[in-house]
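Below: one structure, written as structure tokens.
Just so it is clear: chains get the letters A, B, ... in the order the sequence lines come, proteins before strands, and each one is counted from 1.
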Protein chains: 2
Amino acid sequence: MQGPPAFGSAFLLAQLGAHATQRFAERVSDLGLTPPQTGLLRAIARRPGESQQVLAAELGTPPTRLVALVDGLEQQGLIERRRNPQDRRLYAVFLSDKGQETMAALAKAAAAHEDEMMAALSTEERATLRGLLGRVAADRDLTPGVHPGYRT
Amino acid sequence: MQGPPAFGSAFLLAQLGAHATQRFAERVSDLGLTPPQTGLLRAIARRPGESQQVLAAELGTPPTRLVALVDGLEQQGLIERRRNPQDRRLYAVFLSDKGQETMAALAKAAAAHEDEMMAALSTEERATLRGLLGRVAADRDLTPGVHPGYRT
DNA sequence: TATTGTTATACTCTATAACTATA
DNA sequence: TATAGTTATAGAGTATAACAATA
């Protein structure tokens, strides 16, 4: 009885996580976006009008890194930087109309991605998996909706 | 009724996978290893005596990348390059005694890592999760034991 | 001429530190 | 002097292409 070598769930999580990230990157590249940009876009959608400092803290990334990300989204016309008249050092970052549309397209891409990744499982099994993963993520103190790729 | 924003399992996999990879990297850095090096070490343990070309194909990585990885493991005395007398272009790569010991230490680190990651779940729940993840990985055609970080 | 392994080079991503403009 | 944002610089990691040794 020589079974296949056993890999634990932690390894499977790493393996599947890298795979999921890669497939998602392929999907959003059709929208002209990188995964970090999509994370920032969602952060801006959640908290419109925040400064870059606040967004950086929210994502757990050095503020310098945000500059290039914000630049990229702004050049595509997805977001707007507006100077704060009371304190002209700050920007307030907002989604543009086009940015709203991209958010909708992003939601469709995420749904298709979810369906592709979960193709092997029944509806009940998907719910079970979702529940277990959610509890593990909470136990590991992961911020909901924030990918650790931003953190040091 | 304004529930929290719902994230799918695909996102949770990406999030947890990045987290698991990061924590595992911290653990193996105590052994002086990087995650790619541990993957190569395990590949050599599975198939001792293979050439670097074969190992590269097994991991799905460009052969040039293997050179630096093999160099690092060799300089730490974990593996040995032996020239093949029949075809002197090839090396045959083997684990040293010290490499065997490191593999044992790696197994202990992986077990501790697994335990830490699964802390939120009962024994039955862990088995359920393992089964579901294994089926998803198989459906997505992931090679057992090979992290996609090697692939292009 | 083909193949194994190597080196050289370039590119991407990210972090750290120095700078500017406002306060 | 302190803070928001920016730019400059450097480092890690990886891929592509050119190369040397052997077949």
Can you give me the N/O atom pairs linking the protein to nucleotides 19-23 of chain C at distances under 3.5 Å, or say none if there are none?
| residue | atom | partner | partner atom | Å |
| --- | --- | --- | --- | --- |
| dA23(C) | OP1 | R88(A) | N | 2.8 |

Whole-Å distance between [N] [atom2] and [X] [atom1]?
X       : N       : atom1 : atom2 : value
L40(A)  : dT14(C) : CG    : P     : 12 Å
L90(A)  : dT6(D)  : CG    : C1'   : 14 Å
Q52(A)  : dT7(D)  : CD    : C1'   : 13 Å
Y91(B)  : dA21(D) : OH    : P     : 13 Å
Y150(B) : dG13(D) : OH    : P     : 13 Å

(message) My understanding is that only one of R81(A), E50(A), R83(A), Q53(A) makes a side chain to side chain donor-acceptor pair (under 3.5 Å) with Y91(A); could you say which?
(response)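 Checked R81(A), E50(A), R83(A), Q53(A) against Y91(A); only one passes side chain to side chain donor-acceptor pair (under 3.5 Å): R83(A).
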(request) Check each of R126(A), E114(A), M117(A) against S9(B) using the side chain to side chain contact (heavy atoms under 4.5 Å, CB included) test, and report the only one that passes. (result)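 With S9(B) as partner, side chain to side chain contact (heavy atoms under 4.5 Å, CB included) holds for just one option, E114(A).
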(message) At a heavy-atom distance below 4.0 Å, what parts of residues 63-76 of chain B sit against DNA chain C?
(response)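 Of all residues in residues 63-76 of chain B, the ones placing a heavy atom under 4.0 Å from DNA chain C are T64(B), V67(B).
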(message) Surrounding CG of D97(A) (heavy atoms of other residues, nucleotides or ligands, distance under 6.0 Å), is the total greater than 12?
(response)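 Not more than 12 within 6.0 Å, no.
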(request) Give a yes or no on whether a salt bridge exists between E101(A) and K98(A), defined as a side-chain N under 4.0 angstrom from a carboxylate O. (result)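 So E101(A) does not pair with K98(A) through a salt bridge.
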(message) Tell me whether the NZ or CZ atom of R42(B) lies within the 45° cone about the ring axis of F7(A) and under 6.0 Å from its centre.
(response)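 Judged by the rule, R42(B) and F7(A) form no cation-pi pair.
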(message) If you define the side chain from C-beta out and look only at heavy atoms, does anything of L78(A) sit under 4.5 Å from L95(A)?
(response)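 No - every pair of side-chain heavy atoms lies 4.5 Å or more apart.
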(message) Counting only side-chain heavy atoms from C-beta out, which of dA15(D), dG5(D), dT4(C) sits nearest to P62(B)?
(response)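 For the P62(B) side chain, the nearest candidate turns out to be dA15(D).
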(request) Side chain of Q53(B) only, please: which of dA15(C), dG5(C), dG5(D) is the nearest? (result)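 Output: dG5(C).
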(request) Check L12(B) against A137(A) and note the closest heavy-atom contact, atom names and distance. (result)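 Closest heavy-atom pair between L12(B) and A137(A): CD2-CB, 3.9 Å.
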(message) Looking at every heavy atom in both V136(B) and A120(A), which two are closest together, and how far apart are they?
(response)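 So the two residues come closest at CA-CB, 4.4 Å.
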